[in-house]
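Basis for what follows: all heavy atoms, side chains included, without hydrogens, waters or symmetry-related copies.
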Amino acid sequence: MASNQTLKDLQWLLQMIKSERLNLQHISFYLSQPTSGCYQETESSMNVNISSDSLPYFSNILSDLSTAKNIQSSLTNLEFHQAEWGLEQVLYLGILLQNSSSIKQLVFRRNRFNTECLAELCEALKRNGVVKEVMISESGVGHVGAGLIASALKVNERLEELQIWEDSIGSKGAEELSKMIEVNSTLKLLTIFDSQFITAASLISAVLARNRTMEVHVWSGGNGEKSSKVVEFVPDNSTLRIYKLNFSGSCRVACSLGLNSTVKSLDMTGVRLKSRWAKEFRWVLEQNQTLREVRLSKTCLKDKGVVYVAAGLFKNKSLQSLYLDGNWYSGIGVEHLLCPLSRFSALQNQANITLKSVTFGGGRTKIGRDGISAIIQMLTTNETVTKLGIYDDESLRPDDFVRIFRSLEKNASLRSLSLQGCKGVRGDVVLNTIIETLQINPWIEDIDLERTPLQNSGKADGIYQRLGQNGKTEPEANVDLLKDMPLTEPKSCRVFFCGQEYAGKTTLCNSISQNFSSSKLPYMDQMRTLVNPVEQAVRTSGMKIKSFKDENTKISIWNLGGQHEYYSLHDLMFPGHGSASFFLIISSLFRKPSNREPKTPSEIEEDLQYWLRFIVSNSRRALQQCMLPNVTIVLTHCDKNNQPSQNLQLIVNTIQRLREKFQGFVDFYPTVFTVDARSSSSVSKLAHHLRNTSKTILQRVPRVYQLCNDLIQILSDWRAENYSKPAMKWKEFDELCQVKVPALRIRSRHDNKDKMGMRRRAIATCLHQIGEVIYSHELGFLILDCEWFCGEVLGQLVKLDARKHNSMENSGFISRKEVEKILRGSLQSQIPGMSSRVFENLEASDLVRMMLKLELCYERDPADPNSLLLMPSMLEEGRGKPQRWPLNNTSDCIYAGRHLQCDDSSHMFLTAGFFPRLQACFSIFSSFFYLVHLHNRIMALKNQHGATYSLEKYLITININGIHIRVELGGQLGYYIDVLPCSTKNLTETLRLIQQLIIPAIQSLCNGVTLTESIIRPECVQNLTPPRYRKTQHVPLQQLKQALLSVPAEGMYDYQHTWNSVSDSGKAILRAGFDLARDLLSDDDFREVLHRRYHDLYNLAVELDVPPESDPDGPDQRGNALEKVDPSFAGIAKGVEQVLQRLKIIEQEIRDLKQEIQGLRYYEHRLLIELHRKVNYLVTYNVQVEERKVPNMFFFVKIENYSRRLITNMISGMTALRLHMLCEFRREMHVVEDQMGCEVMQVDNQAVKSLAPYMKKFMKLLTFALKIGAHLAAGMGEMIPDLSREVAHLSGGSLMYGAAGAVAAGAVGAATMGRMSRSRAAGSSSRDIQQDLRAAQQWVTDFLRDRRCSTGKDIAEKFGLWRVRYRDDGQIAWICRRHMSIRAHEVIEVPI
């Protein structure tokens, strides 16, 4: 009965399937059951039990399911338990899979397939495009079934998960699946549970080799063994964990990781590895670019295996964490492991810079002496590792851990240190060392002391407290970090030995050093005859520095090289503002030490004057001077003078003249030392002078930071500990400050590092200024041994001849790489087996940066890191070659040269380093001009020829838009610049280009030096006359303009400047000649002269109250609106654009200069008449006063440097003045030539009170008269220092508005307006004039009486004036002898 009911239930299932009333998603078949039946677990899930007697129903159900439409669309999961498949059932299942569009999962648990059935099932899977997951568990598929499944999945592109549980597919089946993995790219999950773990190697290797993002889980177990996981790979976190593999499998996995990009973390903890595997893994580390973490803990690696791993780290660029704890290697393995993380010289780069965390150690790891040394080296030099772990070590002692923590004082990168289980971390010494290290190093965030004796004893609390303090954020105080640093008197002074070659500077330096030394050799003086041949044969190469101690003062002698090739470096060695230093100018009394031919006084004067001008020129470059440069003069080789000579006295007189000449520029020591440089006793007084002067200088210069004096000794100790290294990287200086200098220490990792960095740079800069180090922030290192740097480095760099090695065209430019190659070849030691100390401490790239900083070479384009470098030493000497202009027809060209030299050329000059900087400036400028030209070509502009240039050693040639310009360096030991243009354009266009582009570029490089511009004779420019002949053939530009202002208006246009002749050995080189001023000046310059004349006429018209014209016809009042060019590269660039625009636009309204001059002449005539009327009023005013017994018109002059300067303002206390009188003949007043005058010893308050008002009014009229060329001021022009300023001072500010371009008519009109506004004050003004004249007249009368010069004879003798009366009006005047003769018919002499 029960049997019938069961069959009935299966029959019911068939009926329900056929009637399509079931909507199932999950069906589970359980075969070989005791009874058959079905029951529905949920509305969408059903279990079907089929006994052995009811197997036909299994086929019928599968057949009906394959035709039921509703179930085919809803069914998603099919499970088969304990089924023994026949071919018929597999076919029905295949039809069902083919017809169903929703089945996603197939599960076969403990099924049995024969080969034919399994093959048919796999064929169905090939055709199926819906199923996502297949799981086969305990179904005995074996390696054959695995192969069939693999062949199906090679075709199937939909299946995502494959699980084979507890089926022994073996290595053959795993190989077949691995081949499938190489083809199939859609499988996302592969799970294998096999009795043999060997199956995992081939599977995971295929996944890794093909970079499949497939999750893999491989388990093993059986035969009584506990199941365990073998391999796990999870793509989501890119982690590969290998728990158990044999040796060959491990090697296979290692090989597959080489080019893998899906694994970022590899964990092989506990897998037993050998050195052969490590050899394969070395290749992985070298090739793999994605692996970030590797855990090889407890893998039994020995020294050889660790060596292979370490070798891979040298080329690895991705690994960040490495764990090697619990292995069996020794200190040799540790040494090799840390080698790629360490540096062993200052110039070596750290091989691996990506590894951030490394862990090693263990009970069987014997670190030993080699290992601890490697750890110390790594911690001292590494800059990237942030976490270091040493686990469970038993080999290191407490003092080893003390060394480890001491090395951490200089490490700024490590953040975490783990010493878990280390037995040597114990004792108070280790505890105190850790605390001290944390006080110095604030960057350590964590120290793990778990399971250490120190932790177990409870003594580690202080360490964790200190770590917490280092992590605190201190509030930033808004104070100046430099202000709170204490100042003190410097303790080091520099003495600069200046002099030409063969002056005996080096010998003198040695003798002074011997004099300072405590161990003097008594027979030094007896050895002079032995020293003499050496001195004659050998010259000092480069600059030498010798230092010695005098009590608490360090004195350094800087011996500047006397050879001309070193002159360009002298500017760099010049002490900065406030530096404790002074100068010894050393000159030999003889021309060569090998003969007894004495120098003439003029030769010695030339030597001394060069160095004095050099000192003044460089000292003026400072923004401010705390004291004048201190200079002492030393004359050497005095031992060759057997007896005093007249020549020596002449030399002393010459030095005295130089002392007077440079008074106010340098502080001269009054004594001139004459010494025998070879004799220690001869230089004893000079050495004593150095001692005393050094102490005096140190007291006078500004104080320095106290830290500087402290750091001097600290740096000295550092050099002693580091094998006398002459250079220090900035990072090393940072570490030294952090460890040794508490005031420069960063105390918390949250401190403002930038502010402390600024403080450290300030100290380094101060050390540089006092001469203890050579430092520049751009270089990135400090030179500690200045003697080594100046002698071995600079001495070689200056003599570097790149022309021998450069294959490029000799234009002065060379690539950076070639320069580095030349440096390596030239500075390497020439002795086999010996290396140069230069490259032991500096790299070639460092030297290139240094050359750029020292201006031994220049970047063509500073914005381009690969820019070519200009090396002036490569430029060829062009002098001596035929010089000519590149134009074929030079007859129609314009030649307008300009000569630029220091304003005070007797005290300063352009130093030797100036012209190379100028060449670099023009190379950059021309590069920019080329870009502008390229833009113009794109815009299709015509008549633009661009800019080209070429360089020689002392010459720059530029062609800008057809204007050819030569910029030449001239002068012997005192330099000036000549700018020589040749152009077919007009004079104004040519000069505009020079004055707006060339000259501003030159002036921008003249720090502290003012250049005056002179006009070179055009004939010299046209013929390119050599500099030695044209040095007198130039006239200052302002002098020529002043000459034009001093002539009457009718002579301005035709004014000529006369040139003197030049001859050489009786042969005429240049004949005397002249050029019109209008041919020497541009329209802009000539217009400026006219405007200045208009300006003076305007002020004179205002003062004289000239009435306006009824119809004034004034010329154009437009001023020169040209913008000034900023003397910088940006300003030059802007000027280039302006010039290009000006050259394209032809000026439409050029003023007719002759017409303007005619207008000037007319208004000058009117103003002159009014001026004489005013002056005559002054002369004849109050005739009754003393009956004109003394002249009325007087003035004062002061004698300065053999020239007279007009006094325009009286000040109490003035001394050494002379009183002079004017000839008062009406309308022809003038200065009397050769007038003796009367000396005024001192001006007192009474004289100022009496004379000041008169001086103000009279000097105003006098200045105006000079401006319009009146005879009144004849002969006085050279006495007035600055007429433009004097007029501005004497005239009220309210009268000056708009006067720059005012014309005469406009000036007269303004004067009328001013007269109307001043009419109210006319009466009071007249009374003031009377009082002023009376007071001045009385003072002169009393003064002459006191000087016994009150008679007519006395006045005639001292002033050359005679008292006369005019025949027509009877007025009294004092006139000169010339007027007495030529105007005798108009006057009658009236003697007193």
Side-chain angles (χ1 to χ4, degrees), residues 496 498-501 560-575 583 585-587 602-622 625 628-629 631 633 654-655 657-666 668 855 872 879 897-919 921 953-956 967-980 998-999 1001-1014 1016 1026-1028 1030-1038 1127 1201:
F496 289 88
C498 308
Q500 309 297 340
E501 53 185 345
L560 302 182
Q563 297 93 324
H564 287 275
E565 58 262 30
Y566 296 107
Y567 277 21
S568 59
L569 294 179
H570 291 168
D571 292 352
L572 307 173
M573 298 297 106
F574 196 86
F583 300 87
I585 302 180
I586 302 167
S587 180
S602 60
E603 290 175 327
I604 292 182
E605 181 179 11
E606 183 180 353
D607 289 351
L608 299 179
Q609 188 161 237
Y610 169 81
W611 291 107
L612 287 169
R613 293 169 71 193
F614 163 77
I615 294 170
V616 173
S617 300
N618 277 285
S619 64
R620 290 300 175 91
R621 293 169 60 185
Q625 287 181 289
L628 294 177
V631 175
I633 294 179
T654 298
I655 295 175
R657 288 197 304 271
L658 288 176
R659 181 180 288 111
E660 296 173 357
K661 178 180 178 180
F662 284 88
Q663 184 179 3
F665 293 90
V666 297
F668 259 108
E855 297 180 337
R879 293 175 180 173
R898 289 297 183 262
H899 175 85
L900 304 176
Q901 67 178 15
C902 291
D903 182 31
D904 187 4
S905 58
S906 61
H907 298 101
M908 292 182 288
F909 57 58
L910 298 175
T911 57
F914 170 79
F915 199 71
R917 295 196 298 271
L918 183 63
Q919 291 174 319
C921 171
K953 195 170 186 63
Y954 303 108
L955 173 67
I956 305 170
V967 182
E968 296 184 3
L969 176 67
Q972 181 68 26
L973 302 182
Y975 302 103
Y976 57 83
I977 300 295
D978 283 344
V979 182
L980 312 177
I998 307 301
I999 293 180
I1002 296 173
Q1003 291 176 336
S1004 66
L1005 302 176
C1006 300
N1007 297 328
V1009 177
T1010 303
L1011 297 181
T1012 58
E1013 181 180 349
S1014 300
I1016 300 177
R1028 63 181 182 276
R1030 65 170 186 257
K1031 61 183 180 181
T1032 61
Q1033 300 295 298
H1034 56 81
V1035 57
L1037 177 62
Q1038 295 303 323
N1201 296 329

- Message: In the structure I gave you, are the side-chain heavy atoms of Gln901 and Leu1011 within less than 4.5 Å of one another anywhere?
- Response: no
- Query: Yes or no on side-chain contact (heavy atoms from CB on, under 4.5 Å) for Leu969 and Leu955, after CA distance, side-chain angles and deciding distance?
  - Reply: CA-CA 6 Å; Leu969 176 67; Leu955 173 67; over 6 Å; no
- Query: What distance do Ile604 atom CD1 and Glu606 atom CD have between them, rounded to the nearest 0.5 Å?
  - Reply: 11.5 Å
- Item | side-chain contact (heavy atoms from CB on, under 4.5 Å) evaluation trace for Ser1014 with Val1035 | CA-CA 5 Å; Ser1014 300; Val1035 57; 6.0 Å; no
- Take Arg1030 and Glu968, measure what salt bridge (charged side-chain N to carboxylate O under 4.0 Å, His left out) needs, and give me the verdict at the end. CA-CA 13 Å; Arg1030 65 170 186 257; Glu968 296 184 3; 2.6 Å; yes
- Query: From Tyr976 OH over to Thr1012 OG1, what is the distance, rounded to the nearest 0.5 angstrom?
  - Reply: 13.0 Å
- Message: Phe662 vs His907, test: side-chain contact (heavy atoms from CB on, under 4.5 Å). Steps then yes/no.
- Response: CA-CA 7 Å; Phe662 284 88; His907 298 101; 3.5 Å; yes
- Query: Are side-chain heavy atoms of Arg613 and Met908 found at a separation under 4.5 Å?
  - Reply: no
- Query: Does some side-chain heavy atom of Ile1016 sit less than 4.5 Å from a side-chain heavy atom of Leu980?
  - Reply: yes
- From Leu608 CG over to Gln500 CD, what is the distance, rounded to the nearest 0.5 angstrom? 9.5 Å
- Note on the structure: Paired with Trp611, the side-chain contact (heavy atoms from CB on, under 4.5 Å) test is passed by just one of Val616, Val631, Ile585, Ile586, namely Ile585
- Distance col, row Ile633:CD1 vs Ser587:OG, nearest 0.5 angstrom, shows 9.0 Å
- Item | CG on Leu628 to CD1 on Ile615, rounded to 0.5 Å | 12.0 Å
- Query: Any side-chain heavy atom of Ile1002 sitting closer than 4.5 Å to one from Leu900?
  - Reply: yes
- Task: Determine, for Phe668 and Arg659, whether the Lys NZ or Arg CZ falls below 6.0 Å from the six-membered ring centre while staying within 45 degrees of the axis.
- Result: yes
- Message: To the closest 0.5 Å, what do you measure between NZ (Lys661) and CD (Glu605)?
- Response: 7.0 Å
- Message: Classify the ring geometry of His1034 against His899: parallel below 30°, tilted from 30° to 60°, perpendicular beyond 60°.
- Response: parallel
- Query: Are Phe614 and Phe909 close enough that their ring centres sit under 6.0 Å apart?
  - Reply: no
